[in-house]
Amino acid sequence: MSRKRKGRRFLLKGGIVLFGVVILSVTLALYLFKIRSLNVIGNRTVPKAEIIKLSGVEVGDNYLMLNQAKLKSRIEKNRYLEFQSTQFDYSGTLTFRLNERHAMGLLQRNGYYYVLDGGGMVLENSGMMIPENVKCPIINGLNMTDSTLIIAGEVIGVKDKEQLVALSHVLKALDETNMMGRTTSVDISNLENIYVMTTERARIVLGEAVNLKLKLIVAKEILHERQDQENLTGASIDISNGTEAHYIPAVLPTVTPTVAPTPTIAPPESSKK
């Protein structure tokens, strides 16, 4: 048998083996990466079934065939959802990891109310009335131009991006201290003198956006102590230095003047004789 013929047979056998390996690999991949169940982590109000439907993924699909960019785009058609990642385990369970955006602020502009998340993204235009199911403060003082377009699904455009950073910190601190429902407005116009108004119509002066959680805890305790003692409308709690709170009542107490004794005129001395 010639060497040439042996070489052909060797190549043929090698090709058959390689083809078999490829078929086996594909078969294993189809089996091992077959999606057998779907799960969702991170949702709080949006139902699991709705998220899975948005994803377009079905049981029986292959994990290796998923396009993460398209998956993210599909899920985030719901503006309250932020896609983070997927996880596939040995049992065939595909898990979607999400962050659910929540209404944390209201922006009033040109007669309309816009619902914002903690990062300043517009979740929806709620029209000319504050939505009943939204319990969050109105945001005042954002530096915006008259021509700024407010588009659902996009972060609001401001001249100073530091305002959005500070606003995010304030809203997060209000949420973590359970002060969100007790706050009617947040004023962010001066980043060195940020303040919030409470449902009691008291002002809490936070100063700069640092140590906000501690500041709000202290202010909350003062509100608790004072609310049964007096009307808090117009009162102010200055916690801007971060360590000491100064409570200023709406009406300062009138200082009672000290009564001085009426001076008496001494009788004239009689002349000596």
Side-chain angles (χ1 to χ4, degrees), residues 102-123 126 128-144 150 156 158-255:
H102 297 279
M104 297 187 73
L106 285 168
L107 176 65
Q108 185 181 23
R109 190 168 175 84
N110 299 326
Y112 293 92
Y113 288 95
Y114 298 90
V115 182
L116 308 180
D117 76 346
M121 193 184 97
V122 182
L123 297 176
S126 63
M128 304 180 75
M129 301 291 291
I130 297 177
E132 294 182 359
N133 61 331
V134 174
K135 305 297 181 184
C136 51
I138 293 175
I139 311 303
N140 296 320
L142 288 174
N143 192 355
M144 306 169 67
I150 303 177
I156 51 176
V158 294
K159 294 181 180 179
D160 185 359
K161 297 297 184 182
E162 289 300 314
Q163 280 193 314
L164 288 184
V165 175
L167 177 62
S168 176
H169 293 327
V170 173
L171 294 177
K172 181 181 179 182
L174 288 171
D175 190 41
E176 291 178 343
T177 55
N178 294 321
M179 282 288 289
M180 183 67 73
R182 198 172 184 173
T183 304
T184 58
S185 66
V186 175
D187 192 289
I188 207 82
S189 55
N190 184 349
L191 294 181
E192 295 181 353
N193 192 40
I194 300 169
Y195 66 87
V196 303
M197 298 298 295
T198 72
T199 52
E200 298 93 347
R201 298 184 182 179
R203 175 186 298 207
I204 301 176
V205 181
L206 298 171
E208 296 181 343
V210 294
N211 299 325
L212 291 170
K213 189 173 180 179
L214 176 60
K215 291 176 180 179
L216 286 169
I217 289 174
V218 173
K220 185 178 179 181
E221 184 62 26
I222 293 174
L223 287 174
H224 178 71
E225 292 177 355
R226 296 278 182 170
Q227 65 184 357
D228 295 330
Q229 302 174 17
E230 57 189 280
N231 182 2
L232 295 176
T233 300
S236 178
I237 301 171
D238 190 336
I239 187 67
S240 56
N241 67 7
T243 56
E244 296 180 359
H246 300 281
Y247 177 78
I248 306 170
V251 179
L252 296 176
T254 303
V255 178

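Atom set for the values below is all heavy atoms of this structure, side chains included, hydrogens, waters and symmetry mates excluded. In this chain, residues are counted from 1 in sequence order. The shown structure was predicted, so the numbers you read here are calculated from the model rather than taken from an experiment.
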Might you point out which heavy atoms bring [X] and [Y] nearest each other, and give the distance in Å?
{"X": "Val205", "Y": "Tyr195", "result": "CA-CB, 3.9 Å"}
{"X": "Lys220", "Y": "Thr177", "result": "NZ-O, 3.0 Å"}
{"X": "Asp175", "Y": "Met104", "result": "CB-CE, 3.8 Å"}
{"X": "Ser189", "Y": "Asp187", "result": "OG-OD1, 2.5 Å"}
{"X": "Val115", "Y": "Ala103", "result": "CG1-CB, 3.3 Å"}
{"X": "Met180", "Y": "Pro137", "result": "SD-CD, 3.3 Å"}

Would you give the length of the straight line joining atom [atom1] of [X] to atom [atom2] of [Y], rounded to the nearest 0.5 angstrom?
{"X": "Arg201", "Y": "Ser185", "atom1": "CZ", "atom2": "OG", "answer": "11.5 Å"}
{"X": "Glu200", "Y": "Leu223", "atom1": "CD", "atom2": "CG", "answer": "5.5 Å"}
{"X": "Leu212", "Y": "Ile204", "atom1": "CG", "atom2": "CD1", "answer": "11.5 Å"}
{"X": "Ser240", "Y": "His246", "atom1": "OG", "atom2": "NE2", "answer": "7.5 Å"}
{"X": "Leu142", "Y": "Leu116", "atom1": "CG", "atom2": "CG", "answer": "8.0 Å"}
{"X": "Lys213", "Y": "Glu176", "atom1": "NZ", "atom2": "CD", "answer": "4.5 Å"}

Does the side chain of [X] reach to within under 4.5 Å of the side chain of [Y], using non-hydrogen atoms?
{"X": "Met129", "Y": "Tyr113", "answer": "no"}
{"X": "Met121", "Y": "Leu123", "answer": "yes"}
{"X": "Leu106", "Y": "Ile130", "answer": "yes"}
{"X": "Asn193", "Y": "Leu206", "answer": "no"}
{"X": "Leu171", "Y": "Ile139", "answer": "yes"}
{"X": "Met144", "Y": "Leu107", "answer": "yes"}

Next item on the list: Take Asp117 and Val122, measure what side-chain contact (heavy atoms from CB on, under 4.5 Å) needs, and give me the verdict at the end.
Entry: CA-CA 7 Å; Asp117 76 346; Val122 182; over 6 Å; no

Is the side chain of [X] donor-acceptor paired with the backbone N or O of [Y] at a distance under 3.5 Å, no angle test?
{"X": "Thr198", "Y": "Ala202", "answer": "yes"}
{"X": "Lys215", "Y": "Val210", "answer": "yes"}
{"X": "Asn211", "Y": "Leu214", "answer": "no"}
{"X": "Ser126", "Y": "Tyr114", "answer": "no"}

Next item on the list: Among Ile156, Asn143, Ile194, find the one that has a side-chain contact (heavy atoms from CB on, under 4.5 Å) with Gln163.
Entry: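 Of Ile156, Asn143, Ile194, side-chain contact (heavy atoms from CB on, under 4.5 Å) with Gln163 is met by Asn143 alone.
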
Margin query: Under the side-chain contact (heavy atoms from CB on, under 4.5 Å) test against Arg226, which residue among Leu232, Ile237, Asn231 passes?
Written below: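 Passing option: Leu232.
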
Next item on the list: Would you check, one step at a time, whether the test side-chain contact (heavy atoms from CB on, under 4.5 Å) holds for Asn110 with Ile150?
Entry: CA-CA 11 Å; Asn110 299 326; Ile150 303 177; over 6 Å; no

